[in-house]
Number of protein chains: 2
Amino acid sequence: MEKKNSGTVGVKEIARLANVSIGTVDRVLNNRVGVSEKTKAKILKIIKELDYQPNIFARRLASKKKLRFATLVPQVSEETTYWEAPLQGIKQAANEIKDFGIEVVSYFFDQNNKESFKTSAAKIVAGGFDGVLMAPMFDEESTVFIEECNLQKIPFVFINSDIPGHNNLCYIGPNLYQSGYLSAHIVNYLSPASKKTLIVNISKEIDLHHHLLRKEEGFRNYFEENNGINDISKIDIQQTSYAHIQQKLSEQLSKSSYDVVFVTNSRVSTVAKYFEEHQIKDVKLIGYDFLEDNILHLKNRTIDFLICQKPQEQGYRGVMSLYDHLVLHTSIEKEQFMPIDIITRENYQYYSN
Amino acid sequence: MEKKNSGTVGVKEIARLANVSIGTVDRVLNNRVGVSEKTKAKILKIIKELDYQPNIFARRLASKKKLRFATLVPQVSEETTYWEAPLQGIKQAANEIKDFGIEVVSYFFDQNNKESFKTSAAKIVAGGFDGVLMAPMFDEESTVFIEECNLQKIPFVFINSDIPGHNNLCYIGPNLYQSGYLSAHIVNYLSPASKKTLIVNISKEIDLHHHLLRKEEGFRNYFEENNGINDISKIDIQQTSYAHIQQKLSEQLSKSSYDVVFVTNSRVSTVAKYFEEHQIKDVKLIGYDFLEDNILHLKNRTIDFLICQKPQEQGYRGVMSLYDHLVLHTSIEKEQFMPIDIITRENYQYYSN
DNA sequence: TCATTTTTCGTGTACGTTAACGAATAAATT
DNA sequence: AATTTATTCGTTAACGTACACGAAAAATGA
């Protein structure tokens, strides 16, 4: 009843009701200086009563304000193509909001090189950006970067992995613990009778281990909570070359044999390759991410399950969160956990990242 | 190099280059009448050369044009809550585009009552809408409705099920054939040795059978193409009451026993209920859709697999397609097949519709 | 009290597009 | 040729907000 002219309330109407000019109304709307407390209160009251919603189109048209976002994620390497997907999500979001005067420029770093992270971070700091999206893979370097952002009052979001205890706008990515927990669940499903399981961590930089360790924790806790009688071993491989992985695996597998192998990241295809070359067929293999190499081994039946957590959407929602915060001023969910998708040879054809 | 003032090309610039006024440019942009072929060609050429992109904000601000979309989908009933999800997608989309001057109003019909479809369709026809989204469940009634839309030149999209051979803007939903094919694949996975399989169609209205039949076709073809030696039976149940379903199932199961039962729609929970009440435990059960009842039986281990095809996204993308077509004038993919998600007791907790 | 500074506010133009109105020109009719 | 009718085009005022500029009012200083 009361909203018959809904959407048509503008600064003009507010100004009329408050006996001031639209200029004054504009000042309190954008809380600029130069208006007395009394009239400011009066205008705010009217704005609230009318439930005034500014016309985003007129606003955008009249404003020549431009925002710039920076993104900092690992570059795609021949080691893993995982980061293609988040980058694509970033680009998609960038395309959707470019009409709104937002430019997003992408920076990269080498996962095996902390210096490259620092270099790119420095460029961003110097670039005068209004928002930052980052994959905070290196604890120390990320913290330094974050502090600089805080100093400059630049909001930043984390994707893919989290560093708790910082005032990031939000975290978008997997719930690592849950992810490991689910993996254990699947392992249990694959071989209900408690069998021998091997956890394989493959990563060069020790920092990334926080990431993997959290998964491992979830994995172990599942068995503790359910049937505590599973026999779990673990191996850390800190060189990503095939030769080295091969050697480490051979070493481990000569000591004992396993029913299930759980690789805590996307490097599972390397293990699959090893299995194939060594004619290992009766071991169930679980790993991470919808990558071409992994899918190949899924088809081969060498890999049994892949877990995937919408990497593209992580990138997309990451920059969108910055946009929502900076432009729309909407409140942002602090922790946005991705769904945990299970990919098998039954459904991989229909999966979309 | 050449695009240094990118984004700043407007009608004004075009008009200047063409030695005409902005009014004339506007006329060819909105292809209105009243401009000679010669100047029209000249202006179009310049527009193309400059790769002119109209400023959507200025456009929206200046235009008082409002569009109205109508949606026609089944109402949620106590029989099935499936259609809650598409409706939610519709509402989400409606909310996102309401600022762009688009109102979407929802109409409903009873899946067991063709008259209700006709009634709602008539209201839409009389409503003077600019676009229609519909779930064309009843062939004949839908065709009549469609013809009226064609007459009024109202674009319409199909979701959830298709009626081929009409000039619908697009179809958004499952690839039914593929969906059945995948189900067979899973069945094969559940019991690799060829075993006895029962297909169960449960639906009151015979029209809906086109929908189910296509799934069945995919299902059967899988076995023909792979190992043709599967023993497949089928039962059609045309009353949706539990009593009736119970009777039919008892009848069928007394004649023979089965290893796998494949229910071609979301009514699988009814079969699960029957299984539980009759202590049938060694039969694998596959069905459709992420509904509360179904999930319950998934947890119980009565249902083994559920197939789900993003019902919410169907609704969302359906109205978005109308928007893209009518407002943005982008070209629309004619057939938009949803991914085929497989839900098990391992991953249902993490599924998002 | 008068001059000066500061605070508070109104006016006007711009953003790029739409669309109504009417002017100019061309074509058709008498 | 004069008049009417169509066709083609230019001008202009919106749309609602941002922001620069300057005027008026108030506060401060002498």
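Chain A is the first sequence line, chain B the second, and so forth, proteins listed ahead of strands; every chain is numbered from 1.
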Rounded to whole Å, CG of B:N55 lies from C1' of D:dC15 at a distance of 13 Å
Between CG of A:L61 and P of C:dA14 the distance, given in whole Å, is 14 Å
Within residues 21-44 of chain A, the residues having a heavy atom closer than 4.0 Å to DNA chain D are A:D26, A:N30, A:R32
**Asked** Does A:Y52 place a side-chain N or O at less than 4.0 Å from the phosphate oxygens OP1/OP2 of D:dG16?
**Response** no
Whole-Å distance, A:I47 CD1 to D:dT17 C1', equals 13 Å
Here the distance between atom C1' of C:dG10 and atom NZ of A:K12, to the nearest Å, is 15 Å
Separation of C:dC15 atom C1' from A:K65 atom NZ, nearest Å, is 15 Å
- Is there a side-chain contact between A:I124 and A:F145 (heavy atoms, below 4.5 Å)? yes
### Message
Between the side chains of A:E103 and A:R68, is the shortest nitrogen-to-carboxylate-oxygen separation below 4.0 Å, so that they form an ion pair?
### Response
yes
Notebook entry, point to check: Can A:E96 and A:Y316 be counted as having a side-chain donor-acceptor contact under 3.5 angstrom?
Noted result: yes
Angle class for the A:F290/A:Y351 ring planes (parallel below 30°, perpendicular above 60°, tilted otherwise)?
-> tilted
| request: Determine whether the side chains of A:T39 and A:S36 contain a donor N or O and an acceptor N or O closer than 3.5 Å. | output: yes
note: A:I14, atom CD1; D:dA18, atom P; distance rounded to Å ~ 11 Å
Rounded to whole Å, the CD-C1' distance (B:E13 to C:dT17) equals 16 Å
A:F57 CZ to C:dA14 C1', in whole Å, measures 20 Å
Verify the contact: side-chain N or O of B:R60 to OP1 or OP2 of C:dT17, cut-off strictly under 4.0 Å; return yes or no. no
**Request:** May I ask you to test the A:V25-A:I46 pair for a side-chain heavy-atom distance under 4.5 Å?
**Result:** no
